[in-house]
Amino acid sequence: MKPFLGNILFLLLLTVPSGTVFAEDKELEVGRYTVKGTVVDENGDPLPGASVWIVGATIGAGTNANGEFAIRLNEGREYTLRVSFTGYIPEEVKVNRQTGAQPLHVILKPAENELNEVVVTGARIARPLKEVPVLTRVISQKDIQALNPMSIETLLQYELPGLQITYNSMSRMPQIKYQGVDGEYMLFLIDGERISGEGADHNVDFTRFNVDEIERIEFIRGSQSTVYGSNALGGVINIITKKANRPFIGNIHARYAGTNGQKYTVSAGTKKDRFSSLTNITFRTRDTYSVGDKNGKTLKLYNPDGTAKDSILKAESTTVYGYKVWDASQKFGYAFTDKLSADLRGSFYHNMRDVPEGGKIQDIFVDYAFNTKVNYVFRDDRRLIVSYNYDNYKKDKDFFKAKFKRTDYRNRTQMLRADYSGTYGDHTVSIGSEGFFEYLKHYMMKDSADARNENYAFYMQEDWKPFSSLNVIVGVRADYQRKYHWHVTPKISAMYRPAKTVTLRAGYSQGFRSPSLKELYQEYDMGGQGFLMLYGNPDLKPETSHQFSLSAEYTQGGFNASVSTSHNRFHNKITYKEKNQNAAEWQYTNAEHARTTSVEAIVQMRMDFGLTMTGSYAYVNDYEQVNGKNTSSVRPHSVTFHAVYSRKFGKIGMNLALNGQWASQLSTYRFSKDGTHRSVTYDARTLCSLNAGVTMPKGVSVNVGIDNLFNYQDKAADSSLQLPQKGISLIGTVNINLADMFGL
């Protein structure tokens, strides 16, 4: 371990030009000067937390409660400042030693849409949303505040049509399915970095994501393996966490919803001169609840001879277990020179799961992670980023009656990556390499054994702009694993703008997913009684996919509409089957082809008087054929809708938000070993939430809301299709911004 970390440190130091580390050249002392100014909105009101950055450098500042900023510049030359604030059109201002002597006064105008917002997920290059060749969905901080969710599962379900949150009865944790794609095909990132650990089967532990720490979420649907490697066949969800954005930061946040959850967060930080720091500590708790059916589910049972009859199952009950979570994160940033900066982030997560009634064991999940990035800017349009990420996730069992603990699961990952991007005329080139190292100890392996994996990758992408209206991106990635050797993944996408208001996008991409260590080496006695053995398969082949996508987008002022469609074909999809026709033994295997086709439409309208309305619809044609019948559990139609009214009256801000989701009825088939099969129907489902908030002077804001507005209650028998809701709940939140309260 020590030699490995030493090599990492050596590589990081290689990115630092000699003579520029930790101190400025003394010859520049004479040329130094400080630029000061204020940033206000169209009404002349200050914008606290506005970002002021030097174009082509790594230094910047945030504005205080009065919209004021100050940046110390190291050279007497002319600089370009880029001033931005979420929801406003960015401005660029040129300054030099003479003009910088007078305070600047920058006025930002509200943006009619979100297309000027900068995103990074599509190609690891920061660029405005309107210039991204792959259609990208952004869940902004404003969207998160309007919904006021307790968990990321709730947030994603209200924002992404076609997303189903199901409940795994074995792990007692949620798992997802998005437009026909299971959780193992969705790659979750935090600030662009993979996370370790498994919650429910092949899904990440969603409880790790603290909503209070999220600045925005960038989501790209479809295969992104060329940029991000394995597991990105169905899409990438990149969770961007908050950064220090003003000279002083101090927030106290409390959320109370009774048995449906409580959350208390304290954060503090600073961004001043070349140094930034942000500390976040949160305690979250949610009570255990049960959902019970009065009557059993009715289904139609078909016998092998073709006869059919109605069958009524026994009434079921499902218990969703609660938790008590402590998590903390710490961020540091420092600009050593105008060209060189570094960021550090550390996090800790501790989750004590509720003990089942009469139980003698408590599950405790723990994670600690560390990430560092070094950023060197050669010039305005060329930069190098070297990063290292370490993530250690484990599951302990506390036998509190017997007074001992045991670690049944540990997943430790390390990633070392270098990315270079540069623009040369009409061509922007991205080149990168990474090494991924994984260790897994799993209770599903024989004698809780462990296994290791190494993956090395090289990737290159070119963004060519032959005309002002056309962008073409071509990329290729080569992954090497000792077991599977080389795997090459190409992609091509294009964006064409025939008119200022119309954008067309098309693309083809391949995806791949290497078998997980559990799928390769598992040997698990389910239930511990020998009734069913689950085996891995060392002979598994990687899954691959071919995806074709097409989209059209129209934007006129505050109106934005888009329609996108994609078709994905999977090869060597990994699934279970009977081992040697033994019903008591099942093994992972590569199945036949599978396919998914989906269509998504989104419409948003922003009114001048403060009302924003958004609606989205998704259709999914997911087909999983068994004996000529479709056994898919994906609802074919789904809708999300939002109406947000926001207005300011003097010093008082007000917002009212109605959010909803609807999923269609589903009829599907299930087969039994005795030759019978059954037709099962699941009812349509509608959930809504209503939130009202007031922002008062001195940094105090209050929000009250109703979750599950119409008191919808799921059936326990349907928990395999969605996480069961127990009914209506009332929510109250209070946030105190200490910087605004004391005018800092």
Residues Ser551, Ser564; criterion side chain to side chain donor-acceptor pair (under 3.5 Å); working and verdict
CA-CA 4 Å; Ser551 70; Ser564 61; over 6 Å; no
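- At most 12 non-hydrogen atoms from other residues, nucleotides or ligands lie less than 6.0 angstrom from CD1 of Ile281.
- Shown here are the ring-ring contact (aromatic ring centres under 6.0 Å, His included) partners of Phe283, two or more places apart in sequence or in another chain: Trp326.
- Lys465 is linked by a side chain to side chain donor-acceptor pair (under 3.5 Å) to nothing, counting only residues two or more places apart in sequence or in another chain.
- For Glu92 and Lys94, the salt-bridge test fails: no basic side-chain N is under 4.0 Å from an acidic carboxylate O.
- Between Arg379 and Asp381 there is a salt bridge, with a side-chain nitrogen of the basic residue lying less than 4.0 Å from a carboxylate oxygen of the acidic one.
- Note: Arg255 CZ to Tyr264 OH = 11.0 Å, rounded to the nearest 0.5 Å.
- Partners of Glu131 by side chain to side chain donor-acceptor pair (under 3.5 Å), not counting sequence neighbours: none found.
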Determine whether Lys242 and Glu213 satisfy the following criterion, salt bridge (charged side-chain N to carboxylate O under 4.0 Å, His left out), listing intermediate values before the conclusion.
CA-CA 6 Å; Lys242 294 178 180 177; Glu213 221 188 336; over 6 Å; no
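- The ring-ring contact (aromatic ring centres under 6.0 Å, His included) search around Phe188 returns Phe206, Phe209, not counting sequence neighbours.
- Not a single side chain to side chain donor-acceptor pair (under 3.5 Å) links Lys648 to another residue, sequence neighbours left out.
- Between the side chains of Ser277 and Thr270, not a single donor N or O lies within less than 3.5 Å of an accepting N or O.
- Judged purely by atom type and a 3.5 angstrom limit, Glu218 uses its side chain to pair as donor or acceptor with the backbone of Val120.
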Residue pair Asp419, Lys373: steps toward the salt bridge (charged side-chain N to carboxylate O under 4.0 Å, His left out) verdict:
CA-CA 11 Å; Asp419 290 292; Lys373 292 184 180 179; over 6 Å; no
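- Annotation: the span from Ser701 atom OG to Met654 atom CE amounts to 14.5 Å, rounded to 0.5 Å.
- Taking 4.0 Å as the cut-off between side-chain N and carboxylate O, Arg284 and Asp212 do not count as a salt-bridged pair.
- For Asp608, the CG atom is loosely surrounded, since the number of other residues' heavy atoms within 6.0 Å does not exceed 12.
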Is there a side-chain contact (heavy atoms from CB on, under 4.5 Å) between Phe641 and Cys688? Walk through the geometry before answering.
CA-CA 9 Å; Phe641 54 91; Cys688 293; 3.9 Å; yes
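- Counting heavy atoms of neighbouring residues, nucleotides and ligands inside a 6.0 Å radius, atom CE of Met613 does not exceed 12 of them.
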Pairs under 3.5 angstrom only: tabulate donor-acceptor contacts from the side chains of residues 135-144 to other protein residues two or more places apart or in another chain.
unit_1: Thr136; atom_1: OG1; unit_2: Val134; atom_2: O; d: 2.9
unit_1: Arg137; atom_1: NH1; unit_2: Glu159; atom_2: O; d: 3.1
unit_1: Arg137; atom_1: NH2; unit_2: Glu159; atom_2: O; d: 2.9
unit_1: Ser140; atom_1: OG; unit_2: Lys142; atom_2: N; d: 3.4
unit_1: Ser140; atom_1: OG; unit_2: Asp143; atom_2: N; d: 3.2
unit_1: Ser140; atom_1: OG; unit_2: Asp143; atom_2: OD2; d: 3.1
unit_1: Gln141; atom_1: OE1; unit_2: Gln145; atom_2: NE2; d: 3.2
unit_1: Gln141; atom_1: NE2; unit_2: Ile214; atom_2: O; d: 2.8
unit_1: Gln141; atom_1: NE2; unit_2: Glu215; atom_2: O; d: 3.2
unit_1: Asp143; atom_1: OD2; unit_2: Ser140; atom_2: N; d: 3.0

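- In the model, Asn210 has no side-chain atom that pairs as donor or acceptor with a side-chain atom of Tyr349 under 3.5 Å.
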Walk me through whether Lys331 and Asp191 qualify under salt bridge (charged side-chain N to carboxylate O under 4.0 Å, His left out).
CA-CA 12 Å; Lys331 284 186 174 182; Asp191 294 328; 3.7 Å; yes
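- Taking the charged nitrogens against the carboxylate oxygens, Arg72 and Asp273 do have a contact shorter than 4.0 Å, which makes a salt bridge.
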